[in-house]
Amino acid sequence: MPKKFQSPGGMHDVFGREYDYFEKIREVVCRNARIYGFEGIETPIMEDKRVFARTVGEQTDIVEKEMYAFKTKGGDDVALRPEGTAPIMRAYIEHSLYTKPQPVKFFYFKPFFRYERSQAGRYRQFWQFGFEVIGKGGPVVDAQIIKLIHNIFKELGVKNVMVEINNMGDEKCREDFHAALKKYLKKESNLLCADCKRRMKKNPLRALDCKKCVKIKENAPQILDYICKKCKEDFKRTLEFLEEVGVPYDLNPFLIRGLDYYTGTVYEFFASGKEEEDEGAPLALGGGGRYDGLSEVLGDEARPATGAAVGVERTILAMKESGFKMEKERPQVFIAQLGDLAKKKSLTLFEEFKNNNIPVSESFAQDSLKSQMARAGKLGATITIIIGKEEAAEDMVILRDMDSGQQEKVQTSETVKEVKKRLKEKKN
RNA sequence: GCGGCCGUAGCUUAACGGUAAAGCACUCGGUUGUGGUCCGAGAGCAUGCGGGUUCAAGUCCCGUCGGUCGCCCCA
């Protein structure tokens with residue numbers, strides 16, 4: 001008995017309705033990205049492992065336990081990309097893109113890989129779209145990317161999108177804050193839940209984001225009191241720009257991003273979907289921020305940079321929750337044929353429609369008219385062209401209005417013209 | 001990596017420990033060449049996989065793989 005194969009764990013086939021969602025999002029993203037002056041970029045699906053280890057952070061879960069890393073036959077350590085920013089920075093440096101007019105703006109829409117237990121909106125192969133602006137930056141750029149993503153969500157019908165924003169400070173001010181926070185947490189450790197006590201060492205910042213440890217937040221040192229003048233000024237201006245373009249945001253002084261390369265302003269997008277108080281934290285749709293230090297980690301000069309990425313599967317979840325209706329593209333015209341001569345004429349006619357940019361469906365592989373009509377009905381065709389033996393012989397076709405059932409014979413040569421006319425009438 | 005729940009046809013679900021069913025979907029019919037309704041028929045390598053208990057396992061037990069939810073973390 002043949003064994004049935006399954007797709008690898010946490011990875012899915014995308015087709016049918018799901019594919020329609022993907023295509024819709026891709027279309028909206030690409031169009032908006034172009035308008036905002038982003039160019040597309042494709043980087044290899046894998047990179048030298050160090051590209052991620054150094055940038056994302058050796059201590060992060062992504063690098064420590066979630067990377068699909070392996071040795072090639074040649075002995076190179078490579079990893080399937082777990083995220084999109086580091087590869088793009090690598091490409092920027094490798095191709096000396098700082099010799100281009102700055103900043104360089106890239107967008108992408110592609111799959112990423114992280115080896116972890118799958119869960120709602122979390123897969124081992126997942127898709128993200130994202131934007132990166134490298135070489136020249138400033139608060140206005142951050143605000144514009146947030147606005148861009150906000151627009152995309154709006155166009156995709158995702159309701160109740162919330163932006164949470166914070167400033168993590170640059171490396172220097174962050175260090176001061178970390179020290180102060182650690183000291184505080186140590187002193188107040190009796191307020192911490194068991195989980196937070198455990199993560200004290202590795203990730204003390206998480207305590208501030210913990211739902212159980214509410215009390216600890218009250219007197220905790222705030223990052224915003226520790227960041228330097230420049231960070232503070234940048235942050236303030238970003239917020240002003242956001243107000244200018246009408247993007248509502250929540251200041252979240254406890255927002256922390258999981259990747260090491262972030263500096264300064266950071267933000268995450270949430271869709272608050274159905275409000276159910278005691279449910280877990282709403283799923284983050286995406287996030288981003290400044291990463292001015294990244295280029296140096298990869299061995300280049302300092303380059304101001306900022307970017308954001310959004311999860312496609314999570315966006316689809318949010319679209320569905322928001323009641324977004326995927327309107328299926330229905331064929332307007334269907335060609336049904338009967339007999340060999342009619343089949344030949346159908347092929348020619350099909351090409352003629354194609355040349356006129358009118359999408360046409362067919363089921364040439366089926367011979368019985370009945371099943372072809374059934375197919376046309378199922379697809380939702382507006383007009384069906386029927387070419388029977390008789391019609392083929394006299395060089396005519398039947399146009400059938402699928403709603404009213406009315407039929408009319410026209411010359412084969414007039415078919416496209418007549419169909420166009422009818423479709424137009426239908427629209428009005 | 002850890003814990004809860006789940007795994008029967010393409011899909012949604014039945015089956016007291018005793019012959020594995022139904023609906024939807026699919027294909028074909030309901031006389032010569034006409035769909036979305038109706039009627040009929042057909043087809044389908046279905047109990048995820050491997051062990052165990054039992055006269056007998058879809059059903060109970062163990063393992064494993066997958067899914068799902070949560071933890072961790074994150075998109």
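Every value quoted in this text rests on a predicted model; they were computed, and no experiment measured them. In the text below, chain A, chain B and the rest are named by the order of the sequence lines, each starting its count at 1. FYI, side chains are in, hydrogens and waters are out, and symmetry mates aren't considered; it's all heavy atoms of this structure.
- Under the side-chain contact (heavy atoms from CB on, under 4.5 Å) rule, A:Met11 has a single partner from A:Tyr123, A:Phe126, A:Phe113, which is A:Phe113.
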Every protein N/O within reach of nucleotides 24-29 of chain B N/O, cut-off under 3.5 Å:
unit_1 : atom_1 : unit_2   : atom_2 : d
B:C26  : OP1    : A:Lys378 : NZ     : 3.0
B:C26  : OP2    : A:Lys378 : NZ     : 3.4

For RNA chain B, just give me the dot-bracket, please: Watson-Crick or G-U, both distances below 3.5 Å, ( ) intra-strand, [ ] crossing earlier pairs, | paired with another strand, . unpaired. (((((((..((((....[..)))).(((((.......))))).....(((((..]....))))))))))))....

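- Within 4.0 Å (heavy atoms only), A:Gly339 reaches no atom of the nucleic acid at all.
- For A:Glu132 and A:Thr85, the side-chain atoms include at least one donor-acceptor pair closer than 3.5 Å.
- With sequence neighbours excluded, the residues forming a salt bridge (charged side-chain N to carboxylate O under 4.0 Å, His left out) with A:Glu18 are A:Lys320, listed by chain and number.
- Comparing B:G67, B:U34, B:G36 by their nearest atom to the side chain of A:Ser118 picks out B:G67.
- Between B:U19 and B:U47, the distance separating the two C1' atoms is 15 Å to the nearest Å.
- Annotation: salt bridge (charged side-chain N to carboxylate O under 4.0 Å, His left out) contacts involving residues 289-298 of chain A, sequence neighbours excluded, comprise A:Asp142-A:Arg290, A:Arg290-A:Asp292.
- Taking atom C1' on both nucleotides, B:U37 is separated from B:G30 by 14 Å, rounded to a whole Å.
- Ionic pairing of A:Lys105 and A:Glu39 is not present here: no N-O contact between side-chain nitrogen and carboxylate oxygen is shorter than 4.0 angstrom.
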List the steps and the verdict of salt bridge (Lys or Arg N to Asp or Glu O under 4.0 Å) for A:Arg117 and A:Glu66. CA-CA 10 Å; A:Arg117 275 297 283 273; A:Glu66 294 174 6; over 6 Å; no

Chi angles and distances behind the salt bridge (Lys or Arg N to Asp or Glu O under 4.0 Å) call for A:Asp395, A:Lys345: CA-CA 9 Å; A:Asp395 213 17; A:Lys345 294 205 171 196; 2.9 Å; yes

Sequence-aligned protein contact record of nucleotides 1-7 of chain B, with B where the base is within under 4.0 Å of a protein heavy atom and S where only the sugar-phosphate is: BBB----

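- When heavy atoms are screened at a 4.0 angstrom cut-off, A:Glu391 is found touching base atoms of the nucleic acid.
- Taking atom P in both B:A57 and B:C45, one finds a spacing of 25 Å when rounded to whole Å.
- Between the side chain of A:Gln372 and the base of B:U34, no donor-acceptor pair of N or O atoms lies under 3.5 Å.
- By the salt bridge (charged side-chain N to carboxylate O under 4.0 Å, His left out) test, A:Glu394 pairs with A:Lys409, sequence neighbours left out.
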